[in-house]
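Values below: every heavy atom of this structure, side chains too, minus hydrogens, waters and symmetry copies. Values in this document were obtained by computation on a predicted structure and should not be read as measured data. Labels below follow one simple rule: chain letters A, B, ... track the order of the sequence lines, proteins then strands, and each chain is numbered from 1.
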Amino acid sequence: MLEVDGPQGTVAVRLSEVEAYAGPVDPASHAYRGRTPRNAVMFGPPGHLYVYFVYGMHWCCNVVCGPDGDASAVLLRAGAVVSGLDLARTRRPGVRSDADLARGPARLAAALGIDRAAGGADLLDPVSSVRLTRGDPVPDEAVRRGPRVGVAAAGEVPWRLWVAGDRTVSPYRPGTRGVPAGRPPPAR
DNA sequence: ATAACGATTAGCT
DNA sequence: GCTAATCGTTATA
């Protein structure tokens with residue numbers, strides 16, 4: 001579960017889809033080319049929020065993982081809004097189904113009201129305005145894995161994990177550039 | 001200083 | 001399925 005407090009209230013989501021990114025050894029990771037002002041949070045202690053801006057209009061959020069200095073992180077790709085539904089709808093005008101409110105990394109950030117200001121937050125501090133908490137356990141057999149979405153480099157690495165059958169999981173879209181050959185391995 | 005690009009989404013065909 | 005929108009980050013000079 002991810003809970004975010006804002007001026008207008010709190011929105012909570014149950015995460016249904018994530019992707020792992022390693023540090024400098026992962027060509028798809030923002031940390032691949034070393035530490036920069038943008039990715040500095042990734043090189044810090046785990047349990048903090050790494051927020052970045054993409055395509056000139058979207059925010060995406062990650063949980064920093066691994067020991068201090070490792071620069072690995074998990075991209076939060078989708079979730080189901082379980083609290084603060086009205087506020088989430090306000091932030092995502094025009095959305096028809098509630099399942100679409102946080103169905104995608106930028107949509108998730110938008111529904112939760114996350115932007116640059118939330119970057120670096122300590123997700124494990126109960127007093128933090130952005131918190132990562134334990135929800136109902138997901139059975140191992142309900143977890144599927146496959147290639148990461150929209151990633152060209154290392155596109156074959158099956159580091160995307162999602163909950164089977166969950167309607168809030170985002171549609172799969174292969175990385176466009178680079179490797180034209182072969183299809184991604186089937187989801188397991 | 002400047003150019004190229006991107007862990008996406010919404011909207012239209 | 002295809003594309004425009006839109007700008008911070010990064011690399012290069």
Side-chain angles (χ1 to χ4, degrees), chain A residues 2 11 13 15-44 46 48-66 70-81 88-121 123 130 132 144-163 167-180 183-185 187:
Chain A
L2 188 65
V11 173
V13 300
L15 297 170
S16 61
E17 178 188 355
V18 297
E19 271 175 10
Y21 288 85
V25 298
D26 181 1
S29 171
H30 286 173
Y32 183 52
R33 295 169 203 282
R35 182 176 186 144
T36 67
R38 174 174 65 156
N39 64 23
V41 174
M42 289 182 77
F43 288 79
H48 288 246
L49 188 68
Y50 166 49
V51 178
Y52 68 90
F53 189 67
V54 277
Y55 295 109
M57 54 188 90
H58 303 301
W59 296 97
C60 296
C61 43
N62 304 250
V63 177
V64 176
C65 300
D70 248 30
S72 55
V74 167
L75 170 68
L76 308 181
R77 287 199 54 88
V81 176
R89 290 195 190 105
T90 300
R91 288 170 173 158
R92 304 262 305 119
V95 169
R96 307 190 170 208
S97 163
D98 285 349
D100 288 340
L101 286 172
R103 188 172 182 251
R107 293 167 170 185
L108 178 85
L112 289 170
I114 287 178
D115 61 10
R116 187 173 256 336
L123 298 169
V130 188
L132 192 62
R144 299 290 181 273
R145 78 155 63 194
R148 294 178 288 188
V149 175
V151 170
E156 75 288 352
V157 181
W159 282 355
R160 172 183 182 230
L161 303 176
W162 69 94
V163 178
R167 302 187 347 179
T168 66
V169 172
S170 70
Y172 177 67
R173 172 176 48 77
T176 48
R177 312 174 1 166
V179 288
R183 311 178 49 160

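Note on residues 31-43 of chain A: no pairs pass salt bridge (Lys or Arg N to Asp or Glu O under 4.0 Å), not counting sequence neighbours. For the side chain to side chain donor-acceptor pair (under 3.5 Å) condition, the pairs that include at least one residue of residues 94-107 of chain A, sequence neighbours left out, are A/R89-A/D98.
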Protein heavy-atom contacts under 4.0 Å, written 5' to 3' over nucleotides 8-13 of chain B as B (base), S (sugar-phosphate only) or - (none), form the string BSS---

Produce a footprint string for nucleotides 8-13 of chain C: one letter per nucleotide, 5' end first; B if the base is under 4.0 Å from any protein heavy atom, S if only the sugar-phosphate is, - if neither. SSSS--

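Residues satisfying the side-chain hydrogen bond (donor to acceptor under 3.5 Å, both in side chains) criterion with A/D26, sequence neighbours excluded, are A/R148. With sequence neighbours excluded, no residue satisfies side-chain hydrogen bond (donor to acceptor under 3.5 Å, both in side chains) with A/S29. For A/V18, the side chain to side chain contact (heavy atoms under 4.5 Å, CB included) partners are A/V74, A/L76, A/L161, not counting sequence neighbours. Listed by chain and residue number, nothing satisfies the side chain to side chain contact (heavy atoms under 4.5 Å, CB included) test with A/P46 (two or more places apart in sequence, or in another chain). Residues that satisfy the salt bridge (Lys or Arg N to Asp or Glu O under 4.0 Å) test with A/E17, not counting sequence neighbours, are A/R77, A/R160. In terms of the ring pair (Phe, Tyr, Trp, His ring centres under 6.0 Å) criterion, residue partners of A/Y52 (sequence neighbours excluded) are, by chain and number, A/H30, A/Y50. For A/W159, there are no ring pair (Phe, Tyr, Trp, His ring centres under 6.0 Å) partners, not counting sequence neighbours.
Stem regions annotated for DNA chain B: B:1-6 with C:7-12, B:8-12 with C:1-5, counting only runs of 3 or more consecutive pairs of Watson-Crick or G-U type with both contacts under 3.5 Å.
When the shell of 6.0 Å around CZ of A/F53 is examined, it contains more than 12 heavy atoms from other residues, nucleotides or ligands.
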